[in-house]
Amino acid sequence: MKKIFFTGLFVVLSCFWFSAQLEVSAKPFMVGPDKCQKCHKAEHAVWKGTKHFKSFKKVHKNKKAKKIVKAIGEKRMKKAAVCANCHYTSVKKKATDKKAKLVAGPSCESCHGAASEWIGIHNNTKVDKAKRFADAKAAGMIWPTETFDVASNCMSCHGLANENLSGKHATAMLDNGHPFNPDFEYVEYSQGSVRHRFYAPKMTVNQEMTEKQKAEIYIIGQSAAMLSATQAITKTTHPAYVKGQKKRISNATAALNKIKAMVPEAGAFLSSPSKESGRALAKAVKGKDLTGAIGASLPKSYK
Ligand code: HEC
Ligand code: HEC
Ligand code: HEC
Ligand code: HEC
C-alpha cells in the first residue's frame, strides 16, 4: 500500500517537474547574431557599421559608465543585469542554462525578438506564408511588417522605458549622468546607419525610403513613443524622468494632431493610446500620402 502511494506520488511529482521543464524551454532566449549571419549576410554587414555593434567594446570603458554602475550597487557593467536589458545581447545554448553569455551590443534579436523558438520556423518557405508568419510571431518574432511593434521595441530602450528597469534604478542612472533623449525620432534614427532594406526585387540593394514612406513611419514612431511614455511615466517621480516622458507625449501629440482630420485613427489613438489603437493607426496610414501634413517635420539628416 505504502509502496503504491509513494510510486503514485513520484509519478505525480515528476509530471510537475516535466511540465515545469517544458514551460522553461518554451520561454524564448537569444541565440546571437552569428546564427543569423549565415543566411542574412547583407543585414549583418550593415549592423557591423552601427553604434549598436561598436558599443560592445566601448561603452563599459566610459567614465560615466563606471559611475552609473557603481550607483546601482554593481561593480562592472558587463556583469550588471540592469544594464544588459538595453546594452547587450545575452545568449544561451539552451533554456535551462543558468547563465547567459554576453556576445554583442544590441543586435538582430534586440529588434526582431529572441529567436530560440522561431529561428527554425520563420524561414521554412515550404510552409504557407500566412501560417509561417503567425507561427513565428507566436514564438516571439517581431516581423518587419509589424511596423508599430518594431517601433515600440526601439522605444523601450531609447525612452528609458524597459519594463525590467525599476524606478529606483532609473533614478540612480539619471542622477549619475545616464543620457535620456526624449527627442529620439524614429525616421532620424532608423534611416541612417541602422537601415537595412534589402527587399525584392532588388535584393542586393539597401533601399532608401521614399518621402511618402518616411512620413508614414514618422507617424508610427511618434505613436510608439507616446504609448511607451504613457506606460513608463509612473515608473518614478524623478523630475528629469517625468519631464522627458512628458516631452515624448507632447512631441507625439503635436505630430498626430497634424493628421487627425485626414486619419481618424490618429484621434482615436490620442484619446486612448494602446497597442491595439497604435496598430490600427499603423494600418490606417499604410500607403497614405502624409507628406503634405508632416513633410516639413521629416529630418534632414540621419543618425
Ligand atoms: C537558415 C537560414 C536562415 C537563418 C539562420 C535565419 N534566417 Fe531569417 N530568413 C531566412 C529566409 C529564407 C527568410 C525569408 C522567408 C520568406 O521568404 O518569407 C528569412 C526572413 C527573415 C526576416 C523577415 C524578412 C522580410 O522580408 O520580412 C527577418 C526579420 C529575419 N529573417 C531575421 C532573422 C534573424 C534575426 C535571424 C537570427 C536569429 C535569422 N533571420 C536567421 C533565412 C534564415
Ligand atoms: C532602458 C534601457 C537602458 C538601460 C537599462 C541602460 N541603458 Fe545606458 N543607454 C541606453 C540608451 C538608449 C543609450 C543611448 C542614449 C542616447 O544617446 O540617446 C544609453 C547610453 C549609455 C551611455 C552613454 C554612452 C555613450 O556613447 O556616450 C552610458 C555610459 C550608459 N548608457 C551606461 C549604462 C549603464 C552603466 C547601465 C546600467 C546601470 C545602463 N546604461 C542601463 C539605454 C539604457
Ligand atoms: C536596431 C534594430 C534592428 C537591428 C539591430 C536589426 N534589425 Fe533587422 N530590421 C529592423 C527594422 C526596423 C526593419 C524594417 C526595415 C523596413 O522595412 O523599412 C528590419 C528589417 C529586416 C529584414 C528585412 C529587410 C531586409 O533587409 O532584408 C531582415 C531580413 C532583417 N531585418 C534581419 C536582421 C538581421 C539578420 C539582423 C542582425 C544582423 C538585424 N536585422 C538587425 C530593425 C533591426
Ligand atoms: C535593446 C535596446 C535597444 C533597442 C531595442 C534599440 N536600441 Fe538603439 N541603441 C541602444 C543603445 C544602448 C545605444 C547606445 C550605444 C552606445 O552609445 O554605446 C543605441 C544607439 C542607437 C543609435 C546611435 C545613436 C547615435 O547617437 O549615434 C541609433 C541610430 C539607434 N540606436 C537606433 C535604433 C533604432 C532605430 C531602433 C529600433 C529599430 C533601436 N535603436 C533599438 C539600445 C537599443
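All ligand and atom numbering here is 1-based and tracks the order in the structure.
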Counting heavy atoms not belonging to [X], are there more than 12 under 6.0 Å from its [atom1]?
X     : atom1 : answer
Lys78 : NZ    : yes
Lys99 : NZ    : no
Lys35 : NZ    : no

- prompt: Has Gly192 got any heavy atom lying under 4.0 angstrom from an atom of ligand 4?
  reply: no

Between [X] and [Y], does at least one N-O distance fall below 4.0 Å, as a salt bridge requires?
X      : Y      : value
Asp149 : Lys275 : no
Glu265 : Lys283 : no
Lys131 : Asp135 : yes

Among protein heavy atoms, which sits nearest to [atom], and what does the distance come to when rounded to 0.1 Å?
atom                    : value
atom 26 (O) of ligand 1 : Tyr199 CE2, 3.6 Å
atom 35 (C) of ligand 4 : Tyr189 O, 3.4 Å
atom 36 (C) of ligand 1 : Cys36 SG, 2.9 Å
atom 18 (O) of ligand 1 : Arg132 NH1, 2.9 Å
atom 14 (C) of ligand 4 : His87 CE1, 4.8 Å
atom 11 (C) of ligand 3 : Val150 CG1, 4.2 Å
atom 37 (C) of ligand 4 : Cys154 SG, 1.8 Å
atom 15 (C) of ligand 4 : Ser55 OG, 3.7 Å
atom 17 (O) of ligand 4 : Lys51 CE, 3.3 Å

message: Taking backbone and side chain together, does Cys157 place any N/O/S atom at a distance below 2.8 Å from atom 8 (Fe) of ligand 4?
response: no

field: Heteroatom test (N, O or S) for His158 near atom 8 (Fe) of ligand 4, limit 2.8 Å
entry: yes

Contacting atoms of ligand 3, where contact means under 4.0 angstrom from a heavy atom of [X]:
X      : result
Val194 : 1 (C)
Ser107 : 5 (C)
His52  : 1 (C)
Met209 : 18 (O)

Regarding [atom]: of the candidates [options], which has the closest heavy atom?
atom                    : options                        : value
atom 41 (C) of ligand 1 : Lys38, Gln37, His122, His44    : His122
atom 28 (C) of ligand 1 : Met203, Arg197, Met141         : Met141
atom 10 (C) of ligand 1 : Asn123, Val127, Thr125, Ile142 : Asn123
atom 39 (C) of ligand 1 : Glu146, His40, Met30           : His40

State, without any angle test, whether [X] and [Y] hold a side-chain donor-acceptor pair at a distance under 3.5 Å.
X      : Y      : value
Asn206 : Tyr199 : no
Thr50  : Ser193 : no
Arg195 : Ser190 : no
Asp175 : His238 : yes

Mind telling me whether [Y] and [X] have parallel, tilted or perpendicular rings, with 30° and 60° as the class edges?
X      : Y      : result
Phe269 : Phe148 : perpendicular
Trp143 : His122 : tilted
His112 : His196 : perpendicular

statement: Count of protein N, O or S atoms below 2.8 Å from atom 8 (Fe) of ligand 3 equals 2

message: Would Lys35 count as being in polar contact with ligand 1, using the rule that some N or O on each side must be under 3.5 angstrom apart?
response: no

Can you see which heavy atom on [X] is nearest to which on [Y], and at what distance?
X      : Y      : value
Ile72  : Ala80  : CD1-CB, 4.3 Å
Ala252 : Met226 : CB-CB, 3.6 Å
Phe29  : Glu109 : O-OE2, 4.0 Å
Leu165 : Leu160 : CD2-O, 3.9 Å
Pro182 : Gly244 : CB-O, 3.4 Å

Of all the atoms in ligand 1, which lie at a distance below 4.0 Å from a heavy atom belonging to [X]?
X      : value
Cys39  : 1 (C), 2 (C), 3 (C), 4 (C), 5 (C), 42 (C), 43 (C)
Ala115 : 38 (C)
Trp143 : 23 (C)
Lys129 : 18 (O)

- request: First locate atom NE2 of His44, then atom OG of Ser107, and finally report the distance between them rounded to the nearest 0.5 Å.
  value: 8.0 Å

- prompt: Could you give the distance from CD1 (Ile119) to SG (Cys36), rounded to the nearest 0.5 Å?
  reply: 5.5 Å

- request: Between Asn162 and ligand 4, find which residue part has any heavy-atom pair under 4.0 Å and reply side chain, backbone, both or neither.
  value: neither

message: Is atom 6 (C) of ligand 4 near the protein, in the sense that some protein heavy atom lies at less than 4.0 Å from it?
response: yes

task: Give a yes/no verdict on whether any heavy atom in Phe133 is under 4.0 Å from an atom of ligand 1.
output: no

task: For ligand 3, note which part of Tyr186 has a heavy atom under 4.0 Å away: side chain, backbone, both or neither.
output: side chain

